[in-house]
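Each residue takes its place number in the sequence, starting with 1. All values below come from the heavy atoms of this structure, side chains included, with hydrogens, waters and symmetry mates left out. Numbering of ligands and ligand atoms starts at 1, following listing order.
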Amino acid sequence: MNARLQRLRALLQEKELDALFVSQAENRRYLSGFVGTAGFLIVSSSKAILATDFRYTEQARMQAPDFEVIQVRGEPAEWLLQTAGDLGLKRVGFESPDLTFYTYHRLTEAIGRGANWQLVPTEKLVERLRSVKDPQELAALTSAAHLADRAFEHLQKTVRPGMQEREAAWEVERFLRESGSEFIPFELIVASGPNAALPHAHPSERRIAGGEPVIMDIGARVDGYCSDLSRTFCLGKQDETFRRVYDIVLGAQLTALATLKPGMTGEEADNLARTVIVQAGYGDNFGHGLGHGVGLAVHEEPRLGMNSKDVLSDNMVFTVEPGVYLPGWGGVRIEDMAVIEQGKVRPLTGSQKIYLD
Ligand code: ZN
């Protein structure tokens, strides 16, 4: 944890901030190790404070040894001024994408005019640190990825035509939880036939039929770290559209995995796959980005997509998930989670991608 605090402190110096007020849940856990669901951090050049309420004080003391734990009551407007005053802080950064307008408003009201300190908006300081994983994080992500692979294997053995999408989704969820996954990071997707044309479909009571595309998008969680895996399959004989679209999407995905390099921006990475799909004539049917970082959150930095200036580097973990969606027919998405290691991309998920005739 201490190395993470050191990296954050270097950033604070660069931004000329006396401290960062951390409200974002995963950032709180990342910096402190505290996994409780309520609390705030104040990190200055010399102090690291975790403020939480009565319910979590004991837990926080055990889980966040690098932090001084203080017990607070009520909202930040009722105690942050005192804490900041005691520490002699002048410029305190806050996480502008996360702090609610309500809390911000109450805080500025409490600080009032003529105060000798101010709140300074910051964006994604800790998120940027989180995007580069350390060995401990990579181990958890690898376990979560393997668990997702095993769940896909399980689904392949159990799914039959006539099964409802939500029955299939529950089968996967049950397997994941019984195999050691912590709470599932997102609503699992099993989308069949025309439902597969919706990139974020909810599993419905629709019964899966033979010969139609089925997209499965699942993830597990290990030690707080998520995985994200999608495969598209077909029970029974595929139609001609399935073969054509599947080969294009797989070609795009393999191209990106083989040619993506550190130093590229998220936009350049996205383009590797997008070019393949555009040239095949399906550019308009690939309406989302190529992928996203995965860690304590299932969607985090870096973003791989159009207009993303995020620069990819070693030890980043992200998904590579091109898709083509045809309204009325369905869709194909193939998603792996991968890490960049010593300049090369290595997939962490390994479920088979070849459909069988
Ligand atoms: Zn994803």
Output yes when [X] and [Y] qualify as a salt bridge under the 4.0 Å nitrogen-oxygen rule, no when they do not.
| X | Y | value |
| --- | --- | --- |
| R73 | E78 | no |
| R303 | D270 | no |
| R174 | E178 | yes |
| R128 | E301 | no |

- Message: So, at under 2.8 Å, which protein N, O or S atoms would a careful student list around the Zn ion (ligand 1)?
- Response: D228 OD2, H292 NE2, E321 OE2, E335 OE2
- Message: Check this for me: Q13, atom CD, are more than 12 non-hydrogen atoms of other residues, nucleotides or ligands nearer than 6.0 Å?
- Response: no
- For residues H288 and Y325, establish whether the separation of their ring centroids is below 6.0 Å. yes
